[in-house]
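For reference, the structure discussed in these notes is given below.
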Amino acid sequence: MLIEGKTGPWEIVIGLEVHAQVISKAKLFSGAATDFGAEPNTQVSPVDAAFPGMLPVINRFCVEQAVRTGLGLEAQINLVSVFDRKNYFYADLPAGYQISQYQRPIVGKGKITLDLPGGETREVGITRLHLEQDAGKSLHDQHPTKTYVDLNRAGVALMEIVSEPDMRSPEEAGAYLKKLRSILRYLGTCDGNMEEGSMRCDCNVSVRRPGEPYGTRCEIKNVNSVRFVMQAIEYEARRQIEVLEDGGTIRQETRLFDSGRGVTRPMRTKEHAHDYRYFPDPDLLPLVLDPAWVEEIRNSLPELPDAKKARFMREYKLSAYDAGVLAAERESADYYERVAKGRDPKQAANFVMGDLFGALNRLGVGIDRSPVSAENLGRLIDLVADGTISGRLAKDVFAAMVETGQDPATIVEERGLRQVTDTAAIEQAIDAVMAREAAKVAEYRGGKEKLFGYFVGQVMKATQGKANPAVVNDLLRKKLAG
Amino acid sequence: MSLDKSAVAHIATLARIRVSESEKEQLVHELNKILHWVEQLGEIETEGVEPMTSVAEMTLPMREDVVTDGNRRDDILGNAPAAAHGFFTVPKVVE
Amino acid sequence: MTALTRLTIAEARAGLAKKEFSARELARAFTAAVERAKPLNAFITETPEKALEMADASDARRARGEALPLDGIPLGIKDLFCTKGILTTAGSHILDGFHPPYESTVTQKLWDAGAVCLGKLNMDEFAMGSSNTTSYYGPVESPWRRPGDNRPLVPGGSSGGSAAAVAARAVMAATGTDTGGSIRQPAGFCGIVGMKPTYGRCSRWGIVAFASSLDQAGPMTRTVRDAAIMLGVMAGHDPKDSTSAPLPVPDFEKALTGDVRGLKVGIPREYRVDGMPAEIERLWAEGVEWLKAAGAQPVEISLKMTKYALPTYYIIAPAEASSNLARYDGVRFGLRVEEGQSLDDMYEATRAAGFGAEVKRRIMIGTYVLSAGYYDAYYLKAQRVRKLIANDFKAAFEHCDVILTPTAPSAAFAIGEKSDDPIAMYLNDVFTVPVNLAGLPGLSVPAGLSSEGLPLGLQVIGRAFDEETVLRVGEVIEKAAAFTAEPAFTAG
Ligand SMILES: [Mg+2]
Ligand SMILES: [Zn+2]
């Protein structure tokens, strides 16, 4: 995508660094818990607070999670990796260094396939994934002259997932984040919850004239929703274009996104010429993975969104778009498959993506908390298929299911919504309508055939929607013909 | 390689140690002396030698994912020069 | 009966077992000695009440017939070991008032074996020094004097408080730590036995870190047997230290067979350094003769990289230290100095006030050698040379079973005598540093007196995790040397 500036078109170049919090019970190098939302400094061991003499010991499950994620990103798993210290001073970095991986990360090159609108796809390279510790949390707004520090998060395992600068629009960046989150959630390695900070995104943004080399980039730190990422990139690209078109130059800097005002601004924290003095952590030895263990993890991987999408297209003959939407979340994909089993897959897709997603959206709940179970939705489709209710009535029944959580048969019975296929009853209704609307019948017979739909509506109304529409059509056409 | 006063000032900033002007003078002298002394390592051919981080001839041991620590805020905050409401406190940081 | 404070661990163990005296009596004798030893400034914190309490518990265990391997043995602990609820300073102002909420693995093992804590011993600040003059709590004086010269001498460092206290009979034995010679060199200076085990033999958990890839805890005792007994308790795999070796602990005492027949003793050519006093060279030659007389066979070996060990060490150790000491920032423990407005002002003021000159110097060197543009030339280069140094030892041990060297190139010097030149001070560790870089076990045994009447030590270096042979050879030297000289000052 190109942005038109005053002086011509510009291309945005985007690379994303995502910090994904590893799902684990205990921290990466200490035995403290990782739960979100605990009282300040209660989930802290002396290791996390970097007390004198404390030493790190790595959590095997966190390593497994990183390997699992690497495999899910179709990436190179490095059987030997090294933990380094990244040295800098900050109030919520207790040791004065972060244990991270620098030159030898646990996961190397991989890729992610983006699902773009219209069912298009696009590949974005993954540069690397490494394991590192999270820092604590600084609260700057609790006191007029003090910053408060909570170390509950300090030491929690993060996967830093770095993309290649392969994205060219805020939409692609959004699609990347959604897809990455989808993969992480399928794998069960990160819950992807951006509001709680378990997935945080740093955006590297630069602009250039099409075909020219990369421009100077700015890094927007810690953006915490997909929407904000897109907004921040959009703003930042336009800002850079403006600076350049006014004859200025871009300074490589770290910026923050102000979501209230929708702008980015330079960080005020003095950046003492960053020099992290990385070196191998002498408290830790090289992390060596047993290839058999990696294979074991590979064999335990679930079907991932891309594979699932392809299968949905193949098995259920869904469009790329529908298959992509349904496969995006493991829960919705599973739900869909339970609905579609033994039924018309297209119809199942329509119900899930239309009625169900619409209702969940309105209720603001995830599919895991859907008031309508997959089994009940399936039964509803069966009731339509066997002619018990009409497609139109199905909408009402579904609404009642959302409201009550009841199964559709009960609702149909209790509310007397069973479809009328009895031709005598329908004929009776038609006769009544034709008698009442004699003038319109004459018009119709005089050639105004558009009125047919009107008669159908009247008959359906007269039968409270319970008449079988096919039967109504059929009989009405015969009777109007005289 | 030789350090001057501004280099010493930069290192002091990286290390977060305040040094006075007169200390800087002295440090220029002392640090250069040490650095020139260690630079004799330049005499040794080390092409192709694997850098040695640890003498321990083993790989990284791993622990199980079990919560074994925490819920000891008094221990954690007990030595803090300043704390309030369960937090450590430091001079205000503006980001 | 000899004064209780003059007993070795082995003797006290026997006396306690035979109920000749109680742990409480022993503890009382030592708390009194600690009191008398005050002029040495060997202690930062004394814990007499705790000692008596622990001694009573020990007596009670013994009465129940549940005596432990070190039951009732009164020890001093270098103030680098975190001790739960007891002030732990690392000899630094920056750890003002720090009371750890945990106990180091090594000290826990000692207490679990029944040992009694007399207090925390003075040391060079953050274990950086060879003379124990960098402590915030003031220099430690050696109990030794040059005859006819009353100038106080250094006890060596950094475990200077430990060495002085053991030599003065203020503690029965002490823990030390050794990053570049900090157990062996002060042991040599004070005429006691000091053992640095193989890297990974003793857990580093709970010991204030100086240079993580080099630091090792070890015993400082009056005899080799005591070192063997104490090391047996201190050593062992610790899952809390990722660099701790998952190996069983041998019965070190059993290794003291006195039989060194056929053992090959390497004599490294390169340890004949320029300016080494002839008397040290003579003592070294004497050591070779003792071992020969006992049936061992001296072989000349080459450790080509010897002269590069010190410069290598003075890149690697400060680099690791600069990072290890970043946690002393005034936020979570220890000293805080608030000057100015910002967090950085607080950091800079706290660290300027909290660290002494030598520590600052090393932090700055370490920061520099890791910084952008210099990493390869200094740090990476040093890591490669370290590999060559380790390779030297590996090759040498294909031709010998242990290596014999002097412990230090000189005897103790007077306080203030060498302090103006850091490099001159660093040279004290020329024979001990290579052993840390290679991670090997090294033992200093008192072997004789200098012409000035001061102790000199010999160092036995062994293969990785072969402390048994080192101790066995050390004991043979100890017997042959029959070192009986006593310091000018004793507290017990
Ligand atoms: Mg990053
Ligand atoms: Zn990161």
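Each chain gets a letter, A, B and so on, in the order the sequences are listed, and its residues count up from 1.
- Ion pair A:Arg298/A:Glu296 not flagged as a salt bridge, since none of the NZ, NE, NH1 or NH2 atoms sits closer than 4.0 Å to an Asp/Glu carboxylate oxygen.
- At a cut-off of 3.5 Å, with distance as the only test, no side-chain donor of A:Gln142 or B:His85 sits close to an acceptor on the other residue.
- When A:Gly136, A:Ala26, A:Ala33 are compared by the number of non-hydrogen pairs under 4.5 Å with chain B, A:Ala26 comes out ahead.
- Of the atoms belonging to A:Val63, it is side-chain heavy atoms, and not backbone ones, that fall under 4.5 Å from chain B.
- Neither the backbone nor the side chain of A:Phe279 comes within less than 4.5 Å of any heavy atom of chain B.
- Chain A forms more heavy-atom pairs under 4.5 Å with one residue of B:Asn79, B:Ile76, B:Leu77, B:Asp74 than with any other, namely B:Ile76.
- Only the backbone of B:Asp75 has a heavy atom closer than 4.5 Å to any heavy atom of chain A.
- Heavy atoms of A:Ser30 lying under 4.5 Å from chain B belong exclusively to its backbone.
- For the residue pair A:Glu132/A:His130, the side-chain donor-acceptor check at 3.5 Å is satisfied.
- Contacts of B:Ser54 with chain A are made by side-chain atoms alone, with heavy-atom separations under 4.5 Å and no backbone atom involved.
- Your options are B:Thr68, B:Thr89, B:Asn71, B:Asp65, and the one with the most heavy-atom pairs under 4.5 Å with chain A is B:Asp65.
- In this structure, a donor-acceptor pair under 3.5 Å is present between the side chains of A:Ser198 and A:Asp191.
- For B:Val90, the parts lying under 4.5 angstrom from a heavy atom of chain A are both the backbone and the side chain.
- The greatest number of non-hydrogen atom pairs below 4.5 Å with chain B, out of A:Phe83, A:Phe61, A:Phe89, A:Phe29, is found for A:Phe89.
- When heavy atoms are compared at a cutoff of 4.5 Å, A:Glu39 approaches chain B by way of both its backbone and its side chain.
- Only the side chain of A:Ala91 has a heavy atom closer than 4.5 Å to any heavy atom of chain B.
- Only the side chain of A:Phe51 comes within less than 4.5 Å of a heavy atom of chain B; its backbone N, CA, C and O stay farther away.
- Applying the 6.0 Å contact sphere to NZ of A:Lys146 captures more than 12 heavy atoms from other residues, nucleotides or ligands.
- Note on A:Pro144, A:Pro282, A:Ala49: by heavy-atom pairs under 4.5 Å with chain B, the leading option is A:Pro144.
- A donor-acceptor contact closer than 3.5 angstrom links the side chains of A:Thr189 and A:Thr69.
- Figure legend: A:Lys86 and A:Tyr97 shown without cation-pi pairing, the cationic atom not lying both under 6.0 angstrom from the six-membered ring centre and within 45 degrees of its axis.
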Hey, mind stepping through B:Lys5 and B:Glu25 against side chain to side chain contact (heavy atoms under 4.5 Å, CB included) and telling me if it holds? CA-CA 7 Å; B:Lys5 252 169 84 172; B:Glu25 292 285 3; 3.4 Å; yes

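- Looking at B:Ala83, neither its backbone nor its side chain comes within 4.5 Å of chain A, counting heavy atoms on both sides.
- Listed options A:Ser45, A:Pro40, A:Gly96 were ranked by heavy-atom pairs under 4.5 angstrom with chain B; first place goes to A:Pro40.
- Atom CD of A:Glu295 sits in a crowded spot, with more than 12 heavy atoms from other residues, nucleotides or ligands closer than 6.0 Å.
- Formation of a donor-acceptor pair under 3.5 Å by the A:Gln65 side chain with backbone atoms of A:Ser24 is not found in this model.
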